[in-house]
There are 2 protein chains.
Amino acid sequence: MEEEKQTIRAVERALDVLLTFTAGNDLGLTEISQRVGLHKSTVFRLLATLEHRGFVIRDEATEKYRLGLRVLELSASLQREDDPALMLIGEMERLRDQLGETISLYVRDRKDRVRIQAVQSQQAIRRVAPVGARLPLSVGASSKILLAFAEPEVQDLLLHDPSWPASLSPETYKEQLREIARAGYATSFEEREPGAAAISAPIFGRNGKLFAALSVSGPSNRLTPDSMLESAPAIVGAAKRMGAMIG
Amino acid sequence: MEEEKQTIRAVERALDVLLTFTAGNDLGLTEISQRVGLHKSTVFRLLATLEHRGFVIRDEATEKYRLGLRVLELSASLQREDDPALMLIGEMERLRDQLGETISLYVRDRKDRVRIQAVQSQQAIRRVAPVGARLPLSVGASSKILLAFAEPEVQDLLLHDPSWPASLSPETYKEQLREIARAGYATSFEEREPGAAAISAPIFGRNGKLFAALSVSGPSNRLTPDSMLESAPAIVGAAKRMGAMIG
DNA sequence: ACCAATGTTTCGTAGAGTGGAACGGAAGAA
DNA sequence: TTCTTCCGTTCCACTCTACGAAACATTGGT
C-alpha cells in the first residue's frame with residue numbers, strides 16, 4: 001500500500017535536524033540529537049554540514065545552534081512577483097479595518113495547513129498570527145473550509161489517513177463538511193485554542209479550484225457565534241472578490 | 001591551510017540543489033543537474049528526498065520543481081519575537097517618508113551581505129529591495145560600511161579571501177575603508193547597478209559592535225553625490241537612534 | 001576537587017549512496 | 001504515421017561514505 005519513494009537517509013536526517021528549529025529557540029547539540037533520535041556524532045556532522053552552507057549558525061555567546069540567513073534567502077525566492085498572497089494584502093487590510101480582527105490566509109500543504117499571509121488586528125487584545133505557521137487540518141474554521149472544498153478524492157484520503165485523529169469519525173465529519181460546503185463558510189469556537197474563535201470562507205481561483213481559505217480570527221468574547229453569523233456575508237464577499245483578483 | 005570540517009557529501013549536495021532555487025523560476029530535473037554538476041539520477045534522488053520533507057514541490061501543470069512551503073515555515077522561525085529587524089521598521093518608515101527613497105538593512109553573513117529588512121519607496125520610480133537578497137561584500141555603499149566597521153581581523157580575512165575580486169587591491173581598498181570609518185558613512189554611485197545610488201551608515205549595538213548597515217537607495221538622478229552629502233546627517237542620525245533601540 | 005553534562009575526534013565496518021546504463025513516455029520533426 | 005530527441009525514472013553492482021561506539025576534551029556546577 002505504502003509507496004515508498006527512494007530517498008537518501010543522510011539528507012532526510014539533515015532535513016529533520018533543520019526542522020527541529022521550527023520550535024523557535026536556539027538548541028544545543030545534545031538536545032537536537034535527542035529530539036531527532038540520532039547519535040550525537042551523527043547530528044554533529046549533520047550540523048557541521050548545515051553550518052557550512054549557512055543554513056544554521058552558532059550563537060557566539062551561548063554556542064548554541066540557530067537558523068542561518070540562508071533560509072531567509074530561500075524564503076525570498078519562494079515569493080514570486082505574481083505571488084497571490086502579495087496581491088491580496090490590500091483586500092485583507094480592508095477587511096481587517098472593517099472588522100477590526102486579524103485576517104489570515106491558509107493553504108493546504110500535504111496533510112497540514114500553512115498560513116501564507118496575515119494582517120494583524122490593531123486592537124490591544126488580538127490574535128497574533130505569524131506567517132509560515134503550520135497547523136493541523138483537523139481543527140479550526142479554515143481547516144474545515146480547506147477540507148470541505150477540496151477535491152473529493154483528497155478529502156477521502158485525508159480523512160482516512162493515519163495522521164487523522166482517531167477521535168474524529170470520518171463519516172460524521174464528512175457530513176459536517178457537506179453542511180459547510182452548503183453554507184459557504186465555516187466557524188470555530190474555542191476549538192484549537194481556548195479563548196479564540198474564527199470564521200473562514202473559501203477563495204476560488206479562475207479555474208474553479210480552491211486556492212486558499214480566508215480567515216478572520218480573534219478573542220471569543222468579541223467573535224461570538226452571533227457576531228460571526230452577522231459578519232459572515234462580508235467575509236464570504238471579500239473571499240469572492242479575492243478569487244477574482246488572482247489568475 | 002584550509003581547515004576542512006568533516007561534512008556529509010550527500011547533504012551538501014542536497015543543500016546545493018535547494019540553493020539552486022534562489023534563481024527564482026521553476027526548474028526541471030535536467031536543468032538542476034546541469035547547474036549543480038551532478039548526475040541526473042543523483043539529483044533525482046536528492047529531489048525526491050527534499051520533496052518528501054516538503055522543501056520542494058512539483059508544479060502540477062509543468063511538472064517542474066519549485067520551493068515548498070516548508071521553507072516559509074523555517075523562515076518564520078528565523079524571526080524571534082525580539083527580532084531587531086522587526087523593531088526597526090518604524091524608524092525605517094520614518095526615514096523613508098523623510099527622504100522618499102527605499103530603506104534597507106544589511107547584515108554581514110560570512111562573505112556576503114544579506115538584506116534582512118526593507119521598506120520600499122512610494123515613488124513611481126524607485127529601488128525595489130526584496131528582503132532576503134544576498135549581495136557581494138565588495139561593492140555598494142553598505143558593503144563598505146560592513147567592512148569598514150568590522151573587527152580588524154575579519155576585515156583582513158575578507159579582503160584577502162580568494163573570493164575577493166582580484167581587481168580590487170586590498171591595500172588601497174583598506175585605505176578607502178579607513179576614510180569611510182572617519183566620515184561615518186559611505187556612498188556608492190552606479191557601482192553595482194547602473195542608474196542606482198545609495199548612502200549607508202552603521203548601526204552599532206549596545207556592546208559597541210557593528211550590528212547592521214542602514215542604507216538609502218534610489219535612482220542616481222535623484223540620489224546625486226550632492227544630495228547624498230546633504231542627507232547624510234539625517235541617515236547617520238537615524239542609524240544612531242536605531243542602535244539605541246536594540247538590546 | 002570532583003562529578004556531570006556537553007561538544008568533538010577517531011576509527012573499523014556495514015551498507016548506503018553513487019553513476020553508468022537502460023527503460024518508458026512525451027513532444028516534435030520529417 | 002514513423003523516426004528522433006529529450007526528459008524523467010528505474011535498475012544494479014561497486015566503492016567509498018556515512019555511521020555509531022567509544023574515547024577524549026572542555027566546561028560548569030556543587
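A note on names: the letters A, B, ... follow the listed sequences, proteins ahead of strands, and every chain is numbered from 1.
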Is B:T42 near enough to C:dG19 that one of its side-chain N or O atoms lies under 4.0 angstrom from OP1 or OP2? yes

Where each residue is assigned the nucleotide of DNA chain D containing its nearest heavy atom, which of B:Y65 and B:V11 is assigned the position nearer the 5′ end? B:Y65

Atom-pair distance (NZ on B:K64; P on C:dA27), nearest Å: 13 Å

To the nearest Å, give me how far apart CG (B:D26) and C1' (D:dC7) are. 16 Å

To the nearest angstrom, the CD-P distance between A:Q6 and C:dG19 comes to 13 Å

From C:dT6, C:dG20, D:dC7, pick the nucleotide closest to the side chain of A:T30? C:dT6

Send over the distance from A:K40 NZ to C:dA5 C1', rounded to a whole Å. 8 Å

Lys/Arg N to Asp/Glu carboxylate O, B:D16 vs A:R53, below 4.0 Å: yes

Length of the NE2-C1' vector between A:H52 and D:dA18, whole Å: 17 Å

Side chain of B:A10 only, please: which of C:dG7, C:dG17, D:dC7 is the nearest? C:dG17

Integer-rounded Å distance: C:dT6 C1' and A:E31 CD: 12 Å

On DNA chain C, compare the nucleotides closest to A:T7 and A:E63; which residue's is nearer the 5' end? A:E63

Sorted by position of nearest nucleotide on DNA chain D, 5' first, the leading residue of B:R9 and B:F44 is B:F44

Hey, does A:I8 reach any base, or is it just sugar-phosphate, or nothing, if we go heavy atoms under 4.0 Å? sugar-phosphate

Round to the nearest Å and state the distance from A:L29 atom CG to D:dG20 atom C1'. 14 Å

Which of these, A:T20, A:V17, A:V56, sits in a side-chain contact (heavy atoms from CB on, under 4.5 Å) with A:L27? A:T20

When you measure from the side-chain N and O atoms of A:R13 to the phosphate of D:dC19, is any distance below 4.0 Å, counting only OP1 and OP2? yes

Considering just the side-chain nitrogens and oxygens of B:R58, establish if one lies under 4.0 Å of OP1 or OP2 belonging to D:dT9. yes

Is A:S75 reaching over with its side chain to a backbone N or O of B:L72, donor-acceptor style, under 3.5 angstrom? no

Between A:R9 and A:E12, does any NZ, NE, NH1 or NH2 come within less than 4.0 Å of an OD or OE carboxylate oxygen? no

How close or far is atom C1' of D:dC19 from atom CG of A:L46, stated in whole angstroms? 10 Å

So, the side chain of B:Y65 versus the backbone of B:F21: is there a donor-acceptor pair under 3.5 Å, distance only? no

Presence of B:R45 side-chain N/O under 4.0 Å of C:dA16 phosphate oxygens OP1/OP2: no

Does C:dG20 have its OP1 or OP2 closer than 4.0 Å to a side-chain nitrogen or oxygen of B:S41? no

